[in-house]
Every structure is written in C-alpha cells, then in structure tokens.
2 protein chains.
Amino acid sequence: MKPTDAELEILHVLWASGPSTVRQVHDQLSRNREIGYTTALKLMQIMYEKGLLSRDDSSKTHTYTAAVSEEDTQRGLVSRFVETAFRGSASRLVMQVLGQHKASREELDEIKRLLNQLDHDND
Amino acid sequence: MKPTDAELEILHVLWASGPSTVRQVHDQLSRNREIGYTTALKLMQIMYEKGLLSRDDSSKTHTYTAAVSEEDTQRGLVSRFVETAFRGSASRLVMQVLGQHKASREELDEIKRLLNQLDHDND
DNA sequence: TGTTTACTACGAAATTATTCGTAGATAGAT
DNA sequence: ATCTATCTACGAATAATTTCGTAGTAAACA
C-alpha cells in the first residue's frame, strides 16, 4: 500500500499521538497548514476504506488508529524512492543524504555501528 | 522544480544518454513499459515549457537536453522525501536504507570514507 | 423541550498528472 | 510530382489526488 502525501501527513500524526479523533488530527494538521475539517475527515474515511487506518465507531465520535506501522510504511516508501529517484542505487542515495544533511555526532556514530554490523554479516 | 515520476523517467534517460530526440527517448522508455510515442512527446514538451529540458529545434526533428543536473535534482528530491516520509530525520532515512538494501563492499567502504570525512569536518 | 453545536456520510468540484488521437507539415523515396 | 513515413503541435479524455459544501443525525445545553 502506497500512501499519498496527504495520507502520510495523517499517518505521522497517528504514529506520534496514537489513536485519535478526526478533530484531534485536524488540530494537528492545522498547525502546519490550512486544511478544512471535512477534508481531514474525508481523507481518513478513504484511508479506512483502503485499510490504512482502523477505527472504533462504537461512539458517535469515531477514533482512528494507524493500521500500518511506521517501519513497514517507510520501508515501502524507501524502496519506491530508491527506484524512481536513484534508479536502484541505494548507496548513492545514502551518500547524497549524508553529504547534504548535518547529522549529529551521535547519529554518525550510530550509522557507523550499523555499517560495522553489516560488514560482519558479509564476512 | 519538482519533477513528477514520469518526468523523472525521461530525465534519467537524458542524463544517461545525453541529448536525444523524442524517438530515442521513447525507445528507451519502451524497454521498461508500454508508452505511446505522443505521450513521451507531450511530456517532453511540457518539461521544456517548465524549464526542465532545453531543446534544439533548428531541424525538423528536435533534440532535447536535460536542463537540470542529476545532482541538483536528486538533492531536491531527497530534501522533500526526508520531510514527507521521515519528518526531517535524515539519519533515520540512512539507517532504513542501509538496513534494507544490500550494498557491496566497495559501496560500504565508500560510505565509511564519507563518514570519516564528515567527522573531520565536525572537529 | 427546543436550539445550538459537533459529528459523519456523501457527492462532487478543483487540481494535478498522465495518456493518446488527430491534424498538419516536412523530408525522403519512388 | 506524388506517396509514405515521421515529426510536432494541440486539444482533450482519463485518472489520481485533494478539497470542501451540504445534509442529516445525535449529543449537549439552555
């Protein structure tokens, strides 16, 4: 399943905040940009139909939950992105990102650890 | 400038092959998927209007050239992707990619070199 | 109880991206 | 000179995404 940009915004809110009502999600989205309440509602309904969200409609005000994990979703997005933007070359993507973004010492160290880990797997 | 997926396909052809006619680009695209000749033509005309391509129309058969560099374009795509998919956390993207894709020994070494380089810049 | 408020459902408009058909022009072959 | 193949331009159909208005209903409140 490939969430659209608008759907990703909503998933991010739910991943960060846990189960939420449309009202709560809309409040969050409104911090970043103009968006009508029914727009958020409609998106969440569509996502529910697609299986991206689950919901509890036992009370009048429904509560929505992300039905896909952040990890799995990002894995899928990365695969697609590596293909379309880097023609499959993951390492070129990595180098582009590292060259472009300031990462903290801790982050760099963590990446190094991961690299060493990968080295050992290869041996 | 944010190229769409279809536009990226065409840019990749031009980056790899250099200045090309619509016919040549279409032939390349056809290797991967069904696409009509006039579809490719129209896309390239639109990209020309947007400034993504330049063209030489001195002869009947026009020759198109990428007007944006692969580097700059990928930089922009990465920025956008880090924002929408990883809420700005570049290091999480890197780790996701490294964990997910098999990179060759040479690629891993190159990434390590880059990391050491960044370390020194930080000092 | 009657009124206001908050919510969902639904349809459809608006926007963006992708696709292709048709028409007209030019160049090359016979 | 005519015919055929190839090219561009252009308009418009299709599809995918995002947006919101309206209607109906239930809850909260005066």
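Each chain gets a letter, A, B and so on, in the order the sequences are listed, and its residues count up from 1. Hydrogens, waters and symmetry mates are skipped; everything else that's a heavy atom, side chains included, is used.
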Original post:
Leu8(A) has an atom CG; how far is it from atom P of dT17(D), in whole Å?
Top reply: 12 Å
Subject >> Lys2(A)/Glu7(A) ion pair, N-O < 4.0 Å >> reply: no
Original post:
Quick one: is Arg33(A) getting a side-chain N or O under 4.0 Å of the dT19(D) phosphate, OP1 or OP2?
Top reply: yes
**OP:** Any chance you could lay out the salt bridge (charged side-chain N to carboxylate O under 4.0 Å, His left out) test for Arg92(A) and Glu70(B), step after step, and finish with the verdict?
**Re:** CA-CA 12 Å; Arg92(A) 284 203 54 208; Glu70(B) 186 167 17; 3.6 Å; yes
Original post:
Atom CZ of Arg23(A) and atom P of dA6(C): how far apart are they, to the nearest Å?
Top reply: 7 Å
Subject >> Side-chain N or O of Gln45(A) closer than 4.0 Å to phosphate OP1/OP2 of dC10(C) >> reply: no
Original post:
When all nucleic acid strands are considered with a 4.0 Å heavy-atom cut-off, which category describes Glu7(B): base, sugar-phosphate, or nothing?
Top reply: nothing
Original post:
At under 4.0 Å between heavy atoms, what does Thr39(A) touch on the DNA or RNA strands: base, sugar-phosphate, or nothing?
Top reply: base
**OP:** Would you kindly give the NE2-to-C1' distance between His62(A) and dA9(C), to the nearest whole Å?
**Re:** 10 Å
**OP:** Tell me whether the OP1 or OP2 atom of dT17(D) has a side-chain N or O from Lys2(A) closer than 4.0 Å.
**Re:** yes
**OP:** Provide the closest heavy-atom pair for Thr65(B) versus Leu14(B) in the form atom of the first, atom of the second, distance.
**Re:** C-CD1, 4.3 Å
**OP:** Quick one: sort the Tyr64(B) and His62(B) rings into parallel, tilted or perpendicular, breaks at 30° and 60°.
**Re:** tilted
Original post:
Across the strands shown, which category fits Asp5(A) at heavy-atom distances under 4.0 angstrom: base, sugar-phosphate, nothing?
Top reply: sugar-phosphate
Original post:
On DNA chain C, nearest-nucleotide positions of Glu49(A) versus Thr61(A): which is more 5'?
Top reply: Thr61(A)
Subject >> N or O in side chain of Tyr37(A) less than 4.0 angstrom from dT8(C) OP1/OP2 >> reply: yes
Subject >> Gap between atoms CD and P, on Gln24(B) and dT8(D) respectively (whole Å) >> reply: 11 Å
Original post:
Lys60(A) has an atom NZ; how far is it from atom C1' of dA26(D), in whole Å?
Top reply: 5 Å
Original post:
Of the nucleotides dT18(D), dG11(C), dT8(D), which has the atom closest to the Ile46(A) side chain?
Top reply: dT18(D)
**OP:** Could you check how far CG of Leu41(A) sits from P of dA9(C), rounded to whole Å?
**Re:** 7 Å
Determine all donor-acceptor pairs shorter than 3.5 Å in which one atom belongs to a side chain in residues 76-86 of chain A; sequence neighbours excluded.
unit_1	atom_1	unit_2	atom_2	d
Ser79(A)	OG	Arg75(A)	O	3.3
Ser79(A)	OG	Gln100(B)	NE2	2.7
Arg80(A)	NH2	Asp5(B)	OD2	2.8
Thr84(A)	OG1	Arg80(A)	O	3.2

**OP:** Specify the separation, in whole Å, of atom NE2 of His26(B) and atom C1' of dC7(D).
**Re:** 14 Å
**OP:** Examine distances only and state if a side-chain atom of Thr61(B) and a backbone atom of Ser59(B) form a donor-acceptor pair shorter than 3.5 Å.
**Re:** no
**OP:** Taking only the side-chain heavy atoms of Val22(B) (C-beta and beyond), determine which of dC7(C), dT18(D), dT8(D) contains the nearest atom.
**Re:** dT8(D)
Original post:
So what does Thr38(A) hit on the nucleic acid, given a heavy-atom distance under 4.0 Å: a base, only sugar-phosphate, or nothing?
Top reply: base
**OP:** Please state how far atom CD in Glu34(B) lies from atom C1' in dT18(C), giving the value in whole angstrom units.
**Re:** 15 Å
Original post:
Does a nitrogen or oxygen in the side chain of Arg55(A) sit under 4.0 Å from OP1 or OP2 of dC7(C)?
Top reply: no
Original post:
Lys42(A) side chain: which of dG11(C), dT18(C), dA26(D) is closest?
Top reply: dG11(C)
